[in-house]
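In what follows, chains are A, B, ... by sequence order, proteins preceding strands, each numbered from 1. Remember, predicted model here, so these are calculated numbers, not experimental data.
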Protein chains: 2
Amino acid sequence: MTVRTAAPVRWTAVQEHLQDSPLLVAAGGGRPERTPVWFMRQAGRSLPEYLAVREGVPMLESCARPDLVTEITLQPVRRYGVDAAIFYSDIVVPLKAVGVDLDIKPGVGPVIADPVRTAADLQRLRPLEPGDVAYVTEAVRSLVGELGSTPLIGFAGAPFTLATYLVEGGPSKEHARTKALMLGEPELWAGLMSRLAAISAAFLRVQVDAGASAVQLFDSWAGVLPRRLYEEHVAPWSAQVLGALEGRVPRITFGVGTGELLGSMAATGAEVVGVDFRVPLDEAARRAAGKPLQGNLDPAVLLAPWPVVEREVLRVLDEARDLPGHVFNLGHGVLPASDPDVLRRVVELVHERTGTTAG
Amino acid sequence: MTVRTAAPVRWTAVQEHLQDSPLLVAAGGGRPERTPVWFMRQAGRSLPEYLAVREGVPMLESCARPDLVTEITLQPVRRYGVDAAIFYSDIVVPLKAVGVDLDIKPGVGPVIADPVRTAADLQRLRPLEPGDVAYVTEAVRSLVGELGSTPLIGFAGAPFTLATYLVEGGPSKEHARTKALMLGEPELWAGLMSRLAAISAAFLRVQVDAGASAVQLFDSWAGVLPRRLYEEHVAPWSAQVLGALEGRVPRITFGVGTGELLGSMAATGAEVVGVDFRVPLDEAARRAAGKPLQGNLDPAVLLAPWPVVEREVLRVLDEARDLPGHVFNLGHGVLPASDPDVLRRVVELVHERTGTTAG
């Protein structure tokens with residue numbers, strides 16, 4: 001196998017000892033010592049130690065307590081030996097931080113007291129100042145110290161996904177009001193997206209300023225849009241968020257069911273395009289303008305017996321063979337019913353098959 | 001414009017006076033007098049007259065009462081002048097009819113008392129006999145009399161979609177247990193799908209025998225699968241269902257988010273492939289082996305102001321211009337919040353722009 005290769009890109013906001021970590025090398029299109037692996041929602045309900053520390057603590061409170069954020073973010077790194085931590089937060093935390101009246105209801109998700117549907121409603125979306133999320137700065141600093149050679153990925157929801165919660169008033173399957181607003185009142189829509197892009201960018205900037213060495217922008221629900229609407233009404237604002245961090249850290253973008261959008265998402269400026277489990281990585285590579293990809297084991301596979309998991313992991317690695325860079329991940333978040341031991345074995349398997357000692 | 005053209009195909013189970021109806025001509029790849037239009041979920045919660053007759057009647061009871069089925073199926077035909085009625089039922093009706101213990105809970109969906117997860121559980125899925133659904137036969141006969149020159153489309157859930165309810169025990173976002181069973185116990189999975197294919201085919205056959213002159217197989221959740229799994233573990237059973245009606249009536253297949261699957265769905269034997277709103281019809285045509293297509297206005301568009309609706313309808317018609325056949329429909333079901341008057345205007349607009357008197 002190849003010897004360890006230095007990163008082809010130097011990121012201006014990344015500490016020197018993290019520049020050559022597998023995640024950052026892969027994101028820069030270089031050849032890392034092994035394929036980096038982490039899991040979306042690796043911190044969370046699948047871990048008994050998470051359920052233990054969350055006991056009696058509401059979701060939004062857990063995101064605002066640096067001690068809990070630090071502990072929860074570190075839990076999967078300790079248990080799995082993943083190649084990255086992902087900052088523990090929730091997609092609506094920056095909205096709450098600028099004063100939007102919302103709560104996260106267990107079993108439901110974010111619920112917005114007064115949905116945003118008129119120009120007057122936009123006034124409620126003031127810019128996010130670092131002081132609004134001092135607990136984020138504190139948690140990231142503490143995490144960077146604890147994580148040592150493991151990079152921390154900053155976390156934020158993309159403007160469209162934030163907009164769906166604000167416009168619908170909560171989680172939604174169809175996102176019909178959001179689409180109707182986008183189509184029916186394009187100027188109001190642009191005003192909303194502009195404010196959300198500023199908030200999302202500021203939330204990521206706080207994390208990078210405090211020491212996060214990569215970011216992932218979750219455009220979770222973008223897949224409900226045809227490409228035409230995504231390109232006209234969403235992509236410019238995602239590009240604005242990502243542009244705010246250009247050159248500082250590698251930027252990953254991801255959404256569920258975005259097979260039709262991969263090319264357009266690649267064009268928003270991210271270094272790495274996340275792919276869900278519906279499109280094989282070799283096919284995704286043809287759509288995503290030859291960028292490094294992240295993905296894409298179906299999280300449902302982790303509920304099957306180990307020989308099936310192993311076969312599917314190897315299939316993903318095989319489909320990733322000719323990529324310009326690959327970050328192994330799931331094609332969506334870890335399911336609560338997953339067995340942590342299976343996740344641990346997946347990390348081991350990926351490392352074993354892709355490491356410099358691998359053969 | 002062209003003059004009315006006779007259907008290029010004669011369907012053996014279709015009454016003579018319906019052979020040349022716009023729906024059947026389009027499905028056969030001919031040139032109908034106008035583009036036929038109907039809406040998935042055209043009968044249902046968007047109509048005040050539906051809410052009135054359903055008052056106090058549980059969902060499953062409404063599906064088992066021929067008087068209500070007839071009335072509810074006819075309501076949108078009266079109101080909109082659509083070119084087809086779709087048989088009012090629920091995807092789990094044939095399961096209930098063979099004795100599966102289930103209920104439809106308002107705001108939740110179908111809930112199965114004992115999910116199917118072992119070989120022993122399969123015993124509960126006995127074949128469906130016409131006598132199990134005598135109310136379906138009665139309702140279809142009554143409908144065919146009332147509908148006159150408007151064809152009735154028979155309705156059934158495809159084996160995969162039925163399996164997701166049985167295995168998960170109810171509605172699900174991830175369908176993770178279903179996928180884990182498919183991957184982890186392929187023989188049990190095949191046994192399950194074989195029984196469901198027989199049930200689904202029998203349910204459609206009852207409707208066609210009673211006078212339905214087309215069928216639509218709803219593989220609603222197939223879009224959660226990558227093509228590889230759909231082709232290996234799902235398509236053969238959908239093909240079996242559709243094969244049971246070959247030549248008798250035109251067969252439509254549809255699933256949400258199936259952009260990656262259109263070619264494989266076309267290969268299951270359906271004459272018409274339904275397309276959701278994520279893939280433009282001209283692009284879908286390239287994927288669906290040149291078959292006639294059905295779709296694909298985003299139902300969310302109907303919540304926007306009329307000029308937007310009009311523009312989007314015309315865009316769909318434009319993208320459908322070179323199709324070998326087009327059945328205008330939504331890309332998913334009518335949303336409960338839709339204004340019936342907007343749907344009526346959409347039918348008018350499609351007829352006006354595509355009819356022989358159109359220009």
Side-chain angles (χ1 to χ4, degrees), chain A residues 168 171-186 189 222-230 256-261 275-281 283-284 296-309 311-312 315-316 319 331-338 342, chain B residues 168 171-186 222-230 256-261 275-281 283-284 287 296-309 311-312 315-316 319 331-338 342:
Chain A
E168 306 290 338
S172 155
K173 252 173 33 180
E174 313 286 355
H175 307 288
R177 280 179 178 279
T178 311
K179 291 181 188 174
L181 181 74
M182 173 191 287
L183 288 164
E185 300 184 69
W189 176 258
V224 302
L225 297 172
R227 189 169 59 215
R228 180 176 50 84
L229 295 185
Y230 176 80
V256 184
T258 49
E260 307 297 325
L261 309 180
V275 181
D276 94 346
F277 50 82
R278 289 170 178 83
V279 183
L281 289 178
E283 168 60 24
N296 72 345
L297 184 70
D298 190 334
V301 166
L302 300 177
L303 305 187
W306 175 254
V308 173
V309 180
R311 186 187 76 206
E312 294 289 310
R315 186 185 49 72
V316 170
E319 287 167 1
H332 199 178
V334 174
L335 297 166
S338 305
V342 172
Chain B
E168 306 290 338
S172 155
K173 252 174 30 182
E174 314 286 355
H175 306 287
R177 281 178 178 279
T178 310
K179 290 182 188 174
L181 181 74
M182 173 191 287
L183 288 164
E185 301 184 69
V224 302
L225 297 172
R227 189 169 57 215
R228 181 176 48 85
L229 295 185
Y230 176 79
V256 184
T258 48
E260 307 297 326
L261 309 181
V275 181
D276 94 348
F277 49 82
R278 290 170 177 85
V279 182
L281 289 178
E283 168 60 24
R287 302 183 192 181
N296 73 346
L297 183 71
D298 191 335
V301 165
L302 300 177
L303 306 187
W306 175 254
V308 173
V309 179
R311 187 186 76 206
E312 294 289 310
R315 187 185 49 71
V316 170
E319 287 168 0
H332 199 176
V334 174
L335 297 167
S338 305
V342 173

Minimum side-chain heavy-atom gap B:F277-B:L297 below 4.5 Å: no
Sub-4.5 Å side-chain heavy-atom contact between B:H332 and B:D298: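 The answer is no; the side chains never approach within 4.5 Å.
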Interface moiety of [X] toward chain B, non-hydrogen atoms closer than 4.5 Å:
X: A:V224; answer: both
X: A:E312; answer: side chain
X: A:D276; answer: neither
X: A:L303; answer: both

Nearest heavy atoms of A:G333 and A:P299, plus distance in Å: O-CB, 3.4 Å
For the student: nearest non-hydrogen atoms of B:A176 and A:L335, plus distance: CB-CD1, 3.3 Å
